Amino acid sequence: MLVCVAAAFTPVAALGQESTPATIAADGQTEPRRVVIRFLTEGEFPPFNYYDDEGVLSGFNVDLARAICLEVGAACDIKVKPWEELLGALKRGDADAVIAAHRVTAGGLAEVDFSDRYFYTPGRFAGKTGEARPDLRPDELDGVTIGVAKGTAHEAFVRAFYRDSRIVLFENPELAREALQQGKVELIFDDAISLALWINGSLSRQCCEFKGDAFLEPKYFGDGLAMALPKNDPQIKTLINDALKKVRQSGRFQEIVERYFPVRIY
């Protein structure tokens with residue numbers, strides 16, 4: 001369950017087009033069907049986009065792009081570029097969409113358009129497995145030691161809402177997790193995605209689990225992840241948003257989530 005802070009403490013053109021019209025635009029005119037959707041991503045951000053042990057491009061974003069193409073009956077052309085080149089390539093018309101876990105920001109909106117959000121990155125608490133923590137409201141964590149990486153949005157969140165807890169700062173999330181394993185802190189607060197990968201990985205040694213619900217507050221954790229789209233191509237935005245909705249409704253979206261995130265992050 002996603003918990004917003006306000007309620008947290010009360011339980012570009014296509015590569016190819018057919019001449020046969022297939023969709024109706026807002027002005028009532030027919031538009032040609034996309035036969036190829038050109039996606040860009042990058043290859044060094046597991047589990048969203050990365051090369052597997054056999055050198056095959058894989059990841060949540062890659063599978064989602066393919067599901068969208070399948071939904072609209074288009075071929076999928078997915079190419080990799082370095083992160084810093086993605087939006088520039090999109091603006092030049094080298095692609096129809098970028099799917100690389102971009103956060104929706106004011107700066108990004110000045111450059112490109114965005115699809116509907118397809119993923120959120122909430123903050124979550126984790127603690128030792130088996131230790132009961134039925135209530136994580138601030139008044140229930142008075143004096144409890146909470147480890148968090150300093151200089152992060154997660155530090156800002158716990159400082160704002162858990163002022164009576166003992167907040168212990170660490171140089172990075174990895175050190176906070178080590179402290180939790182060693183019993184030096186009772187809870188840690190971090191990004192739910194990286195925490196889920198740690199909890200399910202070998203480094204945690206099965207020590208720990210999520211506690212309580214997920215916190216989703218745009219001020220601290222962003223306004224979600226979306227596909228970057230050209231500003232001058234409303235057709236591709238409509239096409240992708242409609243396909244994304246159908247991928248969700250069919251259940252395929254949840255299948256992809258479970259494939260890459262075996263520990264639920266929400």
Side-chain angles (χ1 to χ4, degrees), residues 15 34-90 94-104 114-122 124 126 149 172-174 177-178 181 190-210 214 222 224-229 236 240 243-244 246-248 250-266:
L15 183 62
R34 305 275 175 137
V35 297
V36 176
I37 300 179
R38 301 170 299 159
F39 282 99
L40 286 178
T41 189
E42 61 96 53
E44 298 181 356
F45 189 44
F48 286 98
N49 21 262
Y50 63 97
Y51 289 99
D52 65 18
D53 293 340
E54 297 181 354
V56 177
L57 183 64
S58 304
F60 177 87
N61 285 329
V62 176
D63 284 4
L64 179 57
R66 289 170 177 155
I68 288 172
C69 291
L70 182 64
E71 185 62 50
V72 302
C76 228
D77 179 27
I78 307 175
K79 289 185 169 58
V80 174
K81 282 186 177 292
W83 171 266
E84 63 274 11
E85 298 180 15
L86 291 172
L87 297 189
L90 179 69
D94 295 346
D96 300 306
V98 172
I99 183 165
H102 276 88
R103 297 179 185 271
V104 180
F114 285 98
S115 70
D116 291 341
R117 282 53 165 172
Y118 66 86
F119 211 82
Y120 290 87
T121 56
R124 291 201 68 169
N172 54 58
E174 290 74 22
R177 295 165 192 170
E178 289 179 11
Q181 287 177 311
D190 198 3
D191 167 68
I193 296 174
S194 59
L195 269 181
L197 297 174
W198 175 69
I199 287 170
N200 195 57
S202 60
L203 292 178
S204 71
R205 298 190 290 275
Q206 300 181 327
C207 73
C208 307
E209 63 187 5
F210 281 134
L225 308 182
M227 288 164 266
L229 306 170
I236 195 68
I240 285 181
L244 180 59
K246 292 176 182 178
V247 170
R248 288 185 183 277
S250 70
R252 291 197 300 275
F253 184 88
Q254 188 58 34
E255 291 174 4
I256 299 171
V257 171
E258 293 174 357
R259 187 179 307 152
Y260 292 99
F261 302 96
V263 175
R264 294 182 63 90
I265 67 173
Y266 299 115

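In this text the structure is predicted, and so the values were computed from the model without any measurement.
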Practice task
Answer yes when Arg38 and Asp77 have at least one side-chain N-carboxylate O distance shorter than 4.0 Å, and no when they do not.
Solution key: no
Problem - Gap separating the CZ atom of Arg117 from the CG atom of Leu244, nearest 0.5 angstrom - result: 11.5 Å
Exercise for the section: Taking all non-hydrogen atoms of both residues into account, name the closest pair between Ser115 and Leu229 and its distance. Expected result: N-CD1, 3.7 Å
Exercise for the section: Check whether any side-chain heavy atom of Cys208 lies under 4.5 Å from a side-chain heavy atom of Trp198, and answer yes or no. Expected result: yes
Practice task
To the nearest 0.5 Å, tell me how far Cys69 SG sits from Ile37 CD1.
Solution key: 4.5 Å
Completion exercise
Heavy-atom nearest pair, Pro122 first then Ala214, reads CB-CB, 3.8 Å
Problem - Under 3.5 Å: donor-acceptor pair, side chain of Gln181, backbone of Cys207 - result: no
Practice task
Please check if the distance between the ring centroids of Phe253 and Tyr118 is under 6.0 Å.
Solution key: no
Handout entry: Side chains of Leu195 and Arg177 in contact at under 4.5 Å (non-hydrogen atoms)
Key = yes
Handout entry: Side-chain touch Thr121/Arg103, heavy atoms, less than 4.5 angstrom
Key = yes
Practice task
For the residue pair Ile240 and Met227, establish whether any side-chain heavy-atom pair is separated by less than 4.5 Å.
Solution key: yes
Problem - Rounded distance (nearest 0.5 Å) linking atom CZ of Phe210 with atom CD1 of Ile265 - result: 7.5 Å
Fill in the blank from the handout: Closest heavy-atom pair, Ala74 versus Val36, reported as atoms and distance to 0.1 Å, is CB-N, 4.2 Å
Completion exercise
d(Leu86 CG, Glu42 CD) to nearest 0.5 Å is 7.0 Å
Completion exercise
With sequence neighbours left out, the residues meeting side-chain contact (heavy atoms from CB on, under 4.5 Å) with Leu57 are Thr41, Tyr51, Val62, Ile78, Val80
Exercise for the section: Could you check if a side-chain atom of Phe39 sits within less than 4.5 angstrom of a side-chain atom of Arg66, using non-hydrogen atoms only? Expected result: no
Handout entry: Presence of salt bridge, Asp94 and Lys79, under 4.0 angstrom
Key = no
Exercise for the section: State, with a plain yes or no, whether a side-chain heavy atom of Arg34 is found less than 4.5 Å away from one of Asp96. Expected result: yes
Practice task
State plainly whether the residues Arg259 and Asp63 are in salt-bridge range, i.e. N to O under 4.0 Å.
Solution key: yes
Exercise for the section: Quick one: closest heavy-atom pair of Ala101 and Trp83, and the distance? Expected result: O-CH2, 4.2 Å
Exercise for the section: Kindly indicate whether the side chain of Glu44, heavy atoms from C-beta on, has any atom under 4.5 Å from the side chain of Asn49. Expected result: no
Handout entry: Gln206, CD: over 12 other non-hydrogen atoms inside 6.0 angstrom
Key = no
Exercise for the section: Inspect the surroundings of CZ in Phe119 and state if more than 12 heavy atoms from other residues, nucleotides or ligands are less than 6.0 Å away. Expected result: yes
Exercise for the section: May I have the step-by-step check of side chain to side chain contact (heavy atoms under 4.5 Å, CB included) for His102 and Leu87, ending in yes or no? Expected result: CA-CA 10 Å; His102 276 88; Leu87 297 189; 3.8 Å; yes
Exercise for the section: Can you measure from CG (Asn172) to CD (Glu178) and round to the nearest 0.5 angstrom? Expected result: 8.0 Å
Problem - Test of ring centre spacing under 6.0 Å for Tyr50 and Phe60 - result: no
Handout entry: Nearest atoms (heavy-atom pairs only) where Asp190 meets Pro173
Key = OD2-CB, 3.3 Å
Handout entry: Euclidean distance, Asp53 CG relative to Ser58 OG, rounded to 0.5 Å
Key = 9.0 Å
Exercise for the section: Step through the shown structure and confirm whether more than 12 heavy atoms of other residues, nucleotides or ligands are within 6.0 Å of CD on Gln254. Expected result: yes
Completion exercise
Between Leu90 and Ala97 the two heavy atoms that sit nearest each other are CD1-N, 3.8 Å
Handout entry: Leu225 side chain reached by Tyr120 side chain, heavy atoms, under 4.5 Å
Key = no
